[in-house]
S.K.: 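Encoded as structure tokens, here's the structure I'll be asking about.
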Amino acid sequence: MKKNLLKEYRKKRDFQKTKEPKGIERKPRKQPIFVIHKHAARHLHYDLRLESQGVLKSWAVPKGAPKKFGEKHLAVHVEDHPLEYAKFKGTIPEGEYGAGKVEIWDKGTYINIKHAPLETCIRKGVVSVKFNGKKIKGTYALVHFREKNWLWFKTKER
Ligand code: MN
């Protein structure tokens with residue numbers, strides 16, 4: 001994996017105080033995973049995380065996964081999280097970054113529909129994936145529009 005992908009993640013957290021994983025460097029796998037956390041921080045939100053480059057590329061989504069065609073949900077790109085974070089649930093202590101309860105809302109595998117690595121799609125601002133989760137299934141797009149802001153919406157099967 002590329003060095004320092006987790007630098008920002010680690011800098012924000014005091015691992016003496018939070019039980020979140022510090023993370024170790026991992027090699028990319030053939031069948032990438034995703035997880036959607038439900039995070040009752042100061043403002044309840046969901047965190048969409050897609051495995052790429054041995055880490056979890058992450059977006060904070062205030063309204064969670066879009067349910068119908070035509071719904072476009074704001075997704076704010078946040079720092080890469082370690083792969084182990086996919087298993088994390090628990091309560092981040094008061095006073096720590098992201099303090100509050102973290103639950104796993106859904107998890108599973110995904111397929112990158114584009115003919116480019118996911119990190120390249122992210123750099124270019126258009127991500128298209130098919131989710132195979134329990135609650136979330138089918139194809140969705142994430143499209144960058146400004147600074148860290150993206151839109152997340154359902155797309156038709158191709
Ligand atoms: Mn969060």
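Positions are given from 1, in the same order as the sequence printed here. Because only heavy atoms are used, hydrogens play no part in the values below, and waters and symmetry mates are left out as well, while side chains stay in. We count ligands from 1, going down the list as the structure has it; atoms in each ligand are counted the same way.
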S.K.: Under a 3.5 Å distance rule, please check whether His144 uses its side chain to pair with a backbone N or O of Glu147 as donor and acceptor.
M.R.: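 Indeed, once roles are kept as given, a pair shorter than 3.5 Å links the two residues.
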S.K.: For residues 60-72, dump all side-chain donor-acceptor pairs below 3.5 Å to protein atoms at least two apart in sequence or in another chain.
M.R.:
unit_1 : atom_1 : unit_2 : atom_2 : d
Glu71  : OE1    : Lys67  : N      : 2.9
Glu71  : OE1    : His73  : NE2    : 3.3

S.K.: Report yes or no: does Lys124 contribute a side-chain atom to a donor-acceptor pair with the main-chain N or O of Thr120 at less than 3.5 Å?
M.R.: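 No; judged by distance alone, with no hydrogens or angles, the pair does not exist.
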S.K.: For this output row, return yes or no: ring centroids of Phe88 and His81 closer than 6.0 angstrom.
M.R.: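 No.
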S.K.: Output yes if His39 passes the N/O/S-under-2.8 Å test against the Mn ion (ligand 1); output no otherwise.
M.R.: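 So His39 does bind the Mn ion (ligand 1) by this criterion.
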S.K.: Could you tell me which N, O or S atom of Asp47 is nearest to the Mn ion (ligand 1)?
M.R.: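 When I compare the N, O and S atoms of Asp47, OD2 is nearest to the Mn ion (ligand 1).
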S.K.: As a test of reading the structure, name the N/O/S atom of His45 that is nearest the Mn ion (ligand 1).
M.R.: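 Within His45, restricted to N, O or S, the Mn ion (ligand 1) is closest to atom NE2.
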